[in-house]
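We're numbering straight along the sequence, starting at 1.
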Amino acid sequence: MIRLILVLIGLFAASAAGAQRRDGASHPSVMNTAPAEHEERRILVMLRMAPEHFRPSSDYGGAGGYGDPAAALARRRIATRIARDNHLTLVDSWPMPILGIDCVIMQVPGDEPAKTVADRLSHDRRVAWSQPLNAFEAQGASSAKGVPNDRLFAAQPSARQWRLAALHRVATGRGVRVAVIDSLVDAGHPDLKGQLIAVRDFVGRDSLSAESHGTGVAGIIAAAANNTVGIAGVAPGARLLALRACWQQSQATTRCDTLSLARALVFALESNAHVINMSLTGPQDQLVARLIQIALRRGVSVVAAADPGSGRGFPASLPGVIAVARDDLAGARSGVYSAPGRDVPTTEAGGGWNLVDGNSFAAAHVSGLLALAGQVGGDRGRRALTTGRAGGSVDACTTLLRAGAKIGARCD
């Protein structure tokens, strides 16, 4: 305990110095990634497409990316007619053969609610369904800022509660790919160098600097171990797909939308991710739900932050999704796991470290644990998540035992 207190004192002392060094260097750029207000007036119109147009081996990152030119022109004509008939503006389109649809983005003019327009178009025989472009928010916040000089492993809740050093003697997550669907991860961070196998931006707006939330989540999952600096991730041997689907609006707010999340999910599926971490919550969303359901059918573990309110929220409420809240918030909520999520030291955008709180970071712990279990037992191992006697609190040691790990001591 004395060692822990000393480490935390050092963290907070470095916080003031780090804030002075970085003030004005990283903060002014975060607002550049915020969406324009008119995007709240956009809807997604899903057009039915015939199966023979699908080419699953192709890259569908942009509009008009599959099918012959005649079919592409036909799709464009249908979208144009729908937009004209409903006084909408055609913005863009994105073929999604994984769902058998073309996702067409349209702008809603005037004052009519976007949901009303989407509901009306859902009854059009040419449309599979239509929905608003929903907004999501990450479920975490910083509790302190800083760039510590000493190793912070002793301050990590998982080091004590999960006996992380002992678990790492059994597994590190080697060979497991974890997709972090979040804001921009700092790929150059000293605790994340070599841990990322892909970095993609699906937001569509340039960011001049890495962003806090995604960087913090990535560090908890897979920060490098035994490199003499910072922290050790729950699964330092795992490799991350850093998929930017969210943008930082302020130091405390990180947002995402339907389309950016869908694009990131498709990339994660095409990249054969074993675990998908979604430390965010928002409204029910049919497009995002359908893609997550495909992931679950393929045996991918999907972890989501529970809503901090009384319910589970979306996508945590979807059957098969692992809903996680921080250890003091899960309570007796049915189907919600609890994991460390208070005063957690993790990687900070810009090369430092930080203390964070929230369900986002509890979810990241569970994604890391599933990577350990996946190394030990493959798909079966990632289904071995176990809770202890205290409500839904995750029992990391027993989880690895159930996954097939050979752990010398009992999990008491």
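- Here CG of D182 is found 7.0 Å from OG1 of T254. Values are rounded to the nearest 0.5 Å.
- Counting only N and O atoms by type, the side chains of H189 and T215 include no donor and acceptor under 3.5 Å apart.
- The shortest distance between side-chain heavy atoms of M106 and I82 falls below 4.5 Å.
- No donor-acceptor pair under 3.5 Å is formed between the side chain of N134 and the backbone N or O of T258.
- No donor-acceptor pair under 3.5 Å is formed between the side chain of T387 and the backbone N or O of S393.
- Ion pairing between a basic and an acidic side chain is recognised when a charged N comes within 4.0 Å of a carboxylate O; R383 and D379 show no such pairing.
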side-chain contact (heavy atoms from CB on, under 4.5 Å) between E270 and I98, intermediate numbers included: CA-CA 9 Å; E270 291 178 345; I98 196 169; 5.5 Å; no
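- Shown here is R126, whose CZ atom has more than 12 heavy atoms of other residues, nucleotides or ligands within 6.0 Å.
- For the pair R239 (side chain) and G237 (backbone), a donor-acceptor distance under 3.5 Å is present.
- Using a 4.5 Å heavy-atom threshold, the side chains of W94 and L44 count as separate.
- In this structure, the separation between CD1 on I181 and CZ on R263 is 13.5 Å, given to the nearest 0.5 Å.
- Note: W162 and H365 have perpendicular aromatic rings, judged against thresholds of 30 and 60 degrees for the angle between ring planes.
- A donor-acceptor contact shorter than 3.5 Å links the side chain of Q131 to the backbone of L287.
- Annotation: side chain of L296 is in contact with side chain of I292 (closest heavy-atom distance under 4.5 Å).
- In this structure, CG on L121 lies 4.5 Å from CG on N86, to the nearest 0.5 angstrom.
- Judged by distance alone, the side chain of Q248 and the main-chain N or O of E211 form no donor-acceptor pair under 3.5 Å.
- In this structure, a donor-acceptor pair under 3.5 Å is absent between the side chains of D191 and T347.
- Looking at heavy atoms from C-beta onward, V217 lies in side-chain contact with F361 at the 4.5 angstrom threshold.
- Between L240 atom CG and I197 atom CD1 the span is 8.0 Å, to the nearest 0.5 Å.
- Contact detail for W247 and S260: the closest heavy-atom pair is CZ3-OG, 4.3 Å.
- Looking at I78 and R75, their side chains never come closer than 4.5 Å, going by heavy atoms from C-beta outward.
- Residues V234 and Q156 have side chains not in contact (no heavy-atom distance under 4.5 Å, counting atoms from C-beta outward).
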Test side-chain contact (heavy atoms from CB on, under 4.5 Å) applied to E348 and S212, step by step: CA-CA 6 Å; E348 167 72 357; S212 297; 3.4 Å; yes
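- Counting only distance, with no hydrogens or angles, the side chain of Q375 and the backbone of R174 share a donor-acceptor pair below 3.5 Å.
- Scanning both residues, A405 and V170, for their nearest heavy atoms gives CB-CG1, 3.4 Å.
- Judged by distance alone, the side chain of R41 and the main-chain N or O of E112 form a donor-acceptor pair under 3.5 Å.
- Put simply, the side chain of R402 never gets that close to the backbone of T386: no donor and acceptor are under 3.5 Å apart.
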Full working for side-chain contact (heavy atoms from CB on, under 4.5 Å) between V108 and L88: CA-CA 5 Å; V108 179; L88 305 173; 4.1 Å; yes
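- Heavy atoms only, all atoms of each residue included: V356 and T346 are closest at CG2-CG2, 3.7 Å.
- Checked by atom type and distance alone, the side chain of D257 never pairs as donor or acceptor with a backbone atom of A135 at under 3.5 Å.
- In this structure, P157 and V344 approach most closely via the heavy-atom pair CG-CG2, 4.0 Å.
- Here the side chain of R312 pairs no donor or acceptor atom with the backbone of L318 at under 3.5 angstrom.
- A pairwise comparison of heavy atoms in A295 and V302 identifies CB-CG2, 4.1 Å as the closest pair.
- Nearest heavy atoms, I221 versus A364: CG1-O, 3.4 Å.
- Rounding to the nearest 0.5 angstrom, the gap separating the CG atom in L167 from the CG atom in L369 is 7.5 Å.
- Counting heavy atoms from C-beta outward, V104 and L90 have side chains that approach closer than 4.5 Å.
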Step-by-step side-chain contact (heavy atoms from CB on, under 4.5 Å) determination, L291 to V266: CA-CA 7 Å; L291 289 168; V266 169; 3.9 Å; yes
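- In this structure, D85 and D124 have side chains that are not in contact, with every pair of non-hydrogen atoms separated by 4.5 Å or more.
- Taken from OG in S271 to CZ in R200, the straight-line distance is 7.0 Å, to the nearest 0.5 Å.
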